Amino acid sequence: MLEIKFVRQNLEAVEAALADRGQSADLTAFKAMDETHRGLLQESESLRHRRNVVSEEIARLKKAGRPAEALMEEMRAVAVRIKELEKAQSETQEALSAILMAVPNLPHPSVPKGRDSSDNPVAKTWGTPPAFDFTPQAHWEIGSGLNILDFERATRITGARFPLYFGAGAQLERALINFMLDLHTRAHGYREVLPPFMVNRASMTATGQLPKFEQDLFKLEQWDYFLIPTAEVPVTNIHRSEILEESALPICYTAYTPCFRSEAGSYGKDTRGLIRQHQFNKVELVKFCTPETSYAELESLLAQAEAVLVQLELPYRVVLLCTGDMGFAAAKTYDIEVWMPAQGVYREISSCSNFEDFQARRADIRFRRKGKKGTELVHTLNGSGLAVGRTLAAILENRQRPDGSVDIPPALRTYLGGMKEIRP
RNA sequence: GGAGAGAUGGCCGAGUAGGUCGAAGGCGCUCGCCUGCUAAGCGAGUAUACUCCGAAAGGGGUAUCCCGGGUUCGAAUCCCGGUCUCUCCGCCA
């Protein structure tokens, strides 16, 4: 969330930024509530002060064996008033935080203004889409032809939008996970973590999924736990409520997890194939760093995610999300989109964001500068490195051959016992 | 699931016949001094959040000893509820 002081002092700027995101922003309720709240705070604090002073006085009188009944009587009334104020205060506090928790992050100045994905400028294009002298098949057709993907049976086991891999398909998914983790840990200096796949409400709130987006999550019925929609949640929460040493930064983690999303509101979209599933695998990159380095870290994070596609020889492009297309918590986001030949479009395969201190404030993750007093909020970043199912889909489509077989990218072959291709 | 123990500052760890405890002591860290020889000595400082005053420097106030209630003029200390951790038993991949 945004700092309450900042919002108070920059109401118009915040409203304007929200408008850029395509949100109607009316913070007059916030302003009034904030003033009420601070008034209550001042009254109750001065009463508490009075109480603290008098309590000491009572202790002194009693020790000296002198009567204190009159003061105690006065304090009984003060205590009642303090209780009233506390109640009112907790109500205004709750109202204020409800408003603030629902306010998205402010876009970084370098983010272009725009309404939706059609306004996202392309920042970079890498590789050349393969030229086929036959009509390329969609990955679900290839997968079913090779008998490695089975969406029909997955539906029987669970329901729509769940994947079921067999044989070389399952192996390929696993190989991709290992390949990505190895690349990020060995070449990019990340530390591997394997976190819980369910998290509590506080963790979801810290990274921004809650309270606004509960309908996008899978929630356990008997527990106040949620299935993670991305490893960003458990991994960012590793350091919740901690004060880190500046010398420890940046902290870089990479994690493989399955991800669970209800995909509410996406009915009818991408109903076939691996593109939009309720459960999918992802290797995530997460960084904690100082504010002055976070934009450089965003660029390197992006490059590290791109490196996966470069090594797999999959053509892609990078787009910079405009203000209207960015996620709730992000200040700046690059999407990496891989080429999907069957549809002839680039599809998102990674999203790399700098959240600045938006998540850190919610999660209370700070650091201490060497030789300086006090603490500052860290900046957090994360990006997919990459979405595994979509990567597998891209390999199938980009490296398919007219006979229905698929050529395995050379970088991946050692992870598959030397397998060079998948044949029916 | 059953029984018991516990939760204090960056870390360790005192502190319960309720008051002068934001909290001893140690470690760590910062600054200064001393000394110089590899590892010590001395001194000072060292939680966080919110809020008010101030241009600022800085100063005032409040809260926080797991969380939420309660008792009381007053609670780290007493009572109730919850969460988490540890030990033992049970169950289990």
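Reminder, nothing fancy here: chain letters follow the sequence lines and each chain counts from 1. None of these values were measured; they are calculated from a predicted model.
- In this structure, U85(B) and A5(B) make a Watson-Crick or G-U wobble pair, each of the two defining distances being under 3.5 angstrom.
- If you check the side chains of T230(A) and K282(A), you find a donor sitting under 3.5 Å from an acceptor.
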Pairwise N/O distances under 3.5 Å, protein to nucleotides 57-63 of chain B:
{"unit_1": "G61(B)", "atom_1": "O3'", "unit_2": "H49(A)", "atom_2": "ND1", "d": "2.8"}
{"unit_1": "G61(B)", "atom_1": "N2", "unit_2": "E45(A)", "atom_2": "OE1", "d": "3.0"}
{"unit_1": "G61(B)", "atom_1": "N2", "unit_2": "E45(A)", "atom_2": "OE2", "d": "3.1"}
{"unit_1": "U62(B)", "atom_1": "OP1", "unit_2": "H49(A)", "atom_2": "ND1", "d": "2.8"}
{"unit_1": "U62(B)", "atom_1": "OP1", "unit_2": "N52(A)", "atom_2": "ND2", "d": "3.2"}
{"unit_1": "A63(B)", "atom_1": "OP2", "unit_2": "N52(A)", "atom_2": "ND2", "d": "3.3"}

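- Pairing of G58(B), defined by two Watson-Crick or G-U wobble distances under 3.5 Å, is identified with C53(B).
- Pair assignment for G43(B): C31(B), on the basis of Watson-Crick or G-U wobble contacts that are both within less than 3.5 Å.
- Nucleic acid contact class of M75(A) (heavy atoms, under 4.0 Å, all strands): sugar-phosphate only.
- On the P atoms, U38(B) is 44 Å away from C21(B), given to the nearest whole Å.
- Atom CD1 of I82(A) is separated from atom C1' of G74(B) by 11 Å (rounded to the nearest Å).
- Separating the CD atom of E3(A) from the C1' atom of C50(B) is a distance of 11 Å, rounded to the nearest angstrom.
- No contact: R60(A) has no heavy atom under 4.0 Å from any strand.
- In this structure, U71(B) makes no Watson-Crick or G-U wobble pair, since no nucleotide meets both defining distances under 3.5 angstrom.
- When all heavy atoms are compared, the tightest approach of L386(A) to V308(A) is CD1-CG1, 3.4 Å.
- Between H239(A) and I365(A) the shortest heavy-atom distance is O-CG1, 3.3 Å.
- The distance from atom CD1 of I4(A) to atom P of C50(B) is 9 Å, rounded to the nearest whole Å.
- Nucleotides C84(B) and G41(B) place their C1' atoms 44 Å apart, quoted to the nearest Å.
- Within the nucleic acid shown, I58(A) comes within 4.0 Å of at least one base atom, counting heavy atoms only.
- When rounded to the nearest whole Å, the span between CZ of F367(A) and P of G10(B) equals 17 Å.
- With a 3.5 Å ceiling on both atom-pair distances, C92(B) lacks any Watson-Crick or G-U wobble partner.
- The partner of U38(B) cannot be assigned: no Watson-Crick or G-U wobble pair with both contacts below 3.5 Å exists in any strand.
- Nearest to the side chain of L41(A), among C50(B), G70(B), A49(B), sits C50(B).
- A salt bridge links D270(A) with R347(A): at least one charged nitrogen is closer than 4.0 Å to a carboxylate oxygen.
- Between Y225(A) atom OH and U83(B) atom C1' the separation is 10 Å, expressed in whole Å.
- The interatomic distance linking L47(A) (CG) with C52(B) (C1') rounds to 15 Å, in whole Å.
- Across all strands shown, G26(B) is found opposite C11(B) as a Watson-Crick or G-U wobble partner, with both distances under 3.5 Å.
- For the residue pair H379(A) / S294(A), a side-chain donor-acceptor distance below 3.5 Å is found, with atom types taken as modelled.
- For D34(A) and K31(A), the salt-bridge test fails: no basic side-chain N is under 4.0 Å from an acidic carboxylate O.
- At the heavy-atom level, R81(A) lies nowhere under 4.0 Å from the strands shown.
- Tested against R50(A) for a salt bridge (Lys or Arg N to Asp or Glu O under 4.0 Å), the candidates E57(A), E74(A), E43(A) yield a single pass: E74(A).
- Two residues, R366(A) and A79(A), neighbour RNA chain B, and the one matched to the more 5' nucleotide by heavy-atom proximity is R366(A).
- One atom, CG of D364(A), and another, C1' of U64(B), lie 13 Å apart when rounded to the nearest Å.
- Using N1 to N3 plus N6-O4 or O6-N4 for Watson-Crick, or N1-O2 and O6-N3 for G-U wobble, each under 3.5 Å, C65(B) pairs with nothing.
- In this structure, a donor-acceptor pair under 3.5 Å is present between the side chains of Y415(A) and D182(A).
- Rounded to an integer number of Å, the gap from E35(A) CD to C52(B) P is 11 Å.
- One finds a salt bridge joining E73(A) and R76(A) here, because a Lys/Arg side-chain nitrogen approaches an Asp/Glu carboxylate oxygen to under 4.0 Å.
- Nucleotides G10(B) and C50(B) place their P atoms 16 Å apart, quoted to the nearest Å.
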